[in-house]
Amino acid sequence: MTGPFRGPGGWLRCQLHSHTTNSDGDATPQGLVDHYARAGFDVLAITDHWHATSHEHDRVTVIASSELSARVPEQELEEAEVLAIGADVVPEPREHFATVEQCAAWVREQGGVPFLAHPYWSGLSAHHVLDAPSLAGIELYNGGSELANGNGLSDALWDLVSHAGRACTGVATDDCHYPGHDSLLAWTMVRAESRDQAAVLEALNAGRFYGSSGAVLHDVRVGPDAIEVECSPAVAVTLRSGPWDGGRVNADPRRMNWRGEALSRSPQGLITAARFRLPERWPWARVDVAAADGGRAWTNPEPVALDPDPSDEGGWLPDR
Ligand SMILES: [Zn+2]
């Protein structure tokens, strides 16, 4: 959660899910990279189905990657798909892996970073993540799925994975097939020491990134008794935590805040900084920012070892 806002390096705007004419995309590799270069992206992972597309570009770091498929036990579900970020080969023969874990482990063996693609769109459940320990994380938000089917956001599944005690990061992506029509919807801001592929993959593995569909996170700090967030103007800043836990600060003064307060506001009254009191039970927490235009930003969940005081029954009542 706080990792990308600390330490050395700079921010890289990364698109980690995209397709070209090497699978079912509309643009050539050159056309796709030019599109993202013009939009100001620093890094593009081309994730054609069962095809590792590499491409040299003078402005954008192109990471040869692919989108692979695995069978799932449930007959009614077609398959699961896994983003093989940084694996520059695909398996032969090009057949579905027997399980998500076998697929993710293969990606790891190639030096790649595996993320489970669009779990909500695929109809998957938390156990598909929990049964695949080699996964680095999930595609928390898939802009193309949201645009086409309204099922691009997998945050409830993400939280169930955290409830089960599993560290799991979340990337936000376009899954672009038709640049200009389903692109520039979502991206992942990676904090890396350089623009090299190795530095980007290392940061993805370490969770030094946050996903965005428009909102910007400037800082997230965890102190001894509070979490402070600085962000682009927001209608709500949310602290997600355990099943009965969390808090929210709302820009609209008619709406109550829960366990938090706004520290500063834009001239329009939107929240630009917020503070939350630390939950007394805090197995993990993450921050979620919502902008007025629907754009969001999501930090990764971070486990925190706090000793809850079981006698502190009234501790979570809000002061309003
Ligand atoms: Zn895809």
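Note that ligands are numbered from 1 as they come in the structure, with each ligand's atoms numbered from 1 the same way.
With respect to the Zn ion (ligand 1), His19 has NE2 as its nearest N, O or S atom. The N, O or S atom of Glu67 lying closest to the Zn ion (ligand 1) is OE1.
Note that the CG atom of Leu160 and the SG atom of Cys168 stand 11.0 Å from one another [nearest 0.5 Å]. Arg296 contributes atom CZ, which lies 9.5 Å from atom CD of Glu146 (distance to the nearest 0.5 angstrom).
With 2.8 Å as the limit, Asp175 counts as an N, O or S neighbour of the Zn ion (ligand 1). Counting backbone and side-chain atoms alike, His177 contributes no N/O/S atom closer than 2.8 Å to the Zn ion (ligand 1).
Using cut-offs of 30° and 60° on the angle between ring planes, the pair His19 and His177 is parallel.
Between Arg59 and Asp34 there is no salt bridge, since none of the side-chain N atoms of the basic residue sits less than 4.0 Å from a carboxylate O of the acidic one.
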